[in-house]
Amino acid sequence: MITATTKDEVRKQVKRWKEAGLTVGLVPTMGALHQGHVSLVEASVSQCDRTVASVFVNPTQFSAGEDLEAYPRDFERDREILEKAGCSMVFHPSVEEMYPAGSATYVDMDSEMTRQLCGRSRPAHFRGVCTVVSKLFNIVTPHKAFFGEKDAQQLAVIRQMERDMAFGITIVGCPTVREEDGLARSSRNAYLKEEERKAASVLYKAVVEGRRLIRRGEGNGRRIEKAMRELIEKEPLARIDYVEAVDGATLQPKETVEDGDLIALAVYIGKTRLIDNFTVRNGERESIKK
Ligand code: AMP
């Protein structure tokens, strides 16, 4: 596996691959890799001839007072994980490489989509995400880019940005990888103390409850949200940021949920903010009704 730290190295290598007729997949990450990230690399390896993963803790997507400095970093470990997963090149740039002195251009989506859900408590977040992902798209020029469904709002925003900016890159969403008790894998799970880690399983319990209601035929978004909230509120270490039923593409609140809609939640466990979600599938409902 090649380790690249500059845009130039990446461009030259990708050019060679493309000249040889090979397809290229991109997996953007902030490092502190876990099985969720590995599943994206594996998806890319299975669909593309060469896979580039980026490891970059992007400062512009952190709002003031968030965990930018504390965010876990262990590049040697990440490198080994990526190599084992079949990655062809890891791009590990410095902040100056991605944001050279005097950088003044940002990609900012003018849509309610980025102001909903996580956008409410993280106002600068999606501007930072769109900016860094645009830069990565321009540097790597992949055929396909892989993102996790765990960050459902991010995935929807990137799909929209890709269309709006005509990048011509296929965006591939990959299913959420979970721990044994259902907790969605996340680099931020490392912040959880033992008691908090146990309490964190409440997010998945809420997901299971939401799914159960929908399977039973419940279609009212507010009632689904309420039942999920009530379950989370029973956990003393949990504090709800949001639990919301929204349209899967536009992220606007939905009264009656249908196939493709999203039920998304963000919950603080102690000081750690965790997210989860599921997509409504009518198939599930029908299979129970039979
Ligand atoms: P991050 O390093 O947290 O910025 O995540 C990098 C990519 O990995 C994003 O596309 C995430 O959605 C994805 N990802 C993070 N956790 C998971 C997970 N548990 N399952 C699947 N994908 C994930």
Side-chain angles (χ1 to χ4, degrees), residues 25-47 51-63 66-68 70-75 77-79 81-82 85 87 90-93 98 117-118 122 124-137 140 142 144-162 169-192 197 200-201 203-204 207 248 251 262 264-267 272-279:
L26 169 66
V27 180
T29 84
M30 297 210 299
L33 301 181
H34 50 70
Q35 206 48 43
H37 299 111
V38 170
S39 75
L40 304 189
V41 173
E42 286 172 351
S44 175
V45 168
S46 74
Q47 295 181 37
T51 292
V52 180
S54 58
V55 172
F56 178 63
V57 181
N58 174 38
T60 62
Q61 72 188 66
F62 288 76
S63 300
E66 288 187 352
D67 56 343
L68 172 61
Y71 200 85
R73 293 164 170 89
D74 185 349
F75 182 63
R77 181 178 166 276
D78 291 341
R79 232 188 54 80
I81 291 172
L82 290 171
C87 186
V90 55
F91 178 41
H92 181 49
M98 291 302 277
L117 307 176
C118 291
R122 310 188 73 193
H125 179 65
F126 290 108
R127 174 172 121 130
V129 169
C130 287
T131 301
V132 79
V133 171
S134 296
K135 287 177 190 248
L136 291 167
F137 282 180
V140 180
K144 293 187 178 187
F146 297 78
F147 296 87
E149 289 172 358
K150 195 212 109 192
D151 299 273
Q153 185 173 15
Q154 169 173 282
L155 177 56
V157 164
I158 286 177
R159 286 191 194 286
Q160 166 96 34
M161 180 189 80
E162 192 283 328
I169 294 168
T170 304
I171 306 299
V172 183
C174 301
T176 301
V177 177
R178 298 177 180 282
E179 304 275 359
E180 224 149 76
D181 65 349
L183 176 65
R185 295 210 182 221
S186 163
S187 306
R188 290 193 167 97
N189 293 351
Y191 297 149
L192 299 169
R197 172 62 191 80
S201 65
L203 278 89
Y204 184 62
V207 164
L251 307 181
L262 188 73
L265 57 152
V267 177
T272 307
R273 186 172 173 283
L274 301 175
I275 57 173
D276 207 334
N277 69 82
F278 68 96
T279 297

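Excluded from the calculations below are hydrogen atoms, water molecules and symmetry mates; all remaining heavy atoms, backbone and side chain alike, are included. Note that the coordinates shown come from a computational prediction; the quantities given were computed from them, not determined experimentally. Atoms within a ligand are numbered from 1 in the order they appear, just like the ligands themselves.
The distance from atom CD of Glu179 to atom NE2 of His34, rounded to the nearest 0.5 Å, is 9.0 Å. For the atom pair Thr60 OG1 and Phe126 CZ, the distance stands at 12.5 Å (nearest 0.5 Å).
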Side chain to side chain contact (heavy atoms under 4.5 Å, CB included) between Met98 and Leu136: does it pass, once the steps are laid out? CA-CA 9 Å; Met98 291 302 277; Leu136 291 167; 3.8 Å; yes
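Remark: side-chain polar atoms of Ser187 are paired, donor with acceptor, to backbone N or O of Ala32 under 3.5 angstrom. Remark: side-chain polar atoms of Asn58 are paired, donor with acceptor, to backbone N or O of Gly128 under 3.5 angstrom.
The list of side-chain hydrogen bond (donor to acceptor under 3.5 Å, both in side chains) pairs with a residue in residues 144-159, not counting sequence neighbours, reads Gln47-Lys144.
Sorted by chain and number, the heavy-atom contacts of ligand 1 below 4.0 Å come from Pro28, Thr29, Met30, His34, Gly36, His37, Leu40, Tyr71, Phe147, Gly148, Lys150, Asp151, Gln154, Pro175, Thr176, Val177, Arg185.
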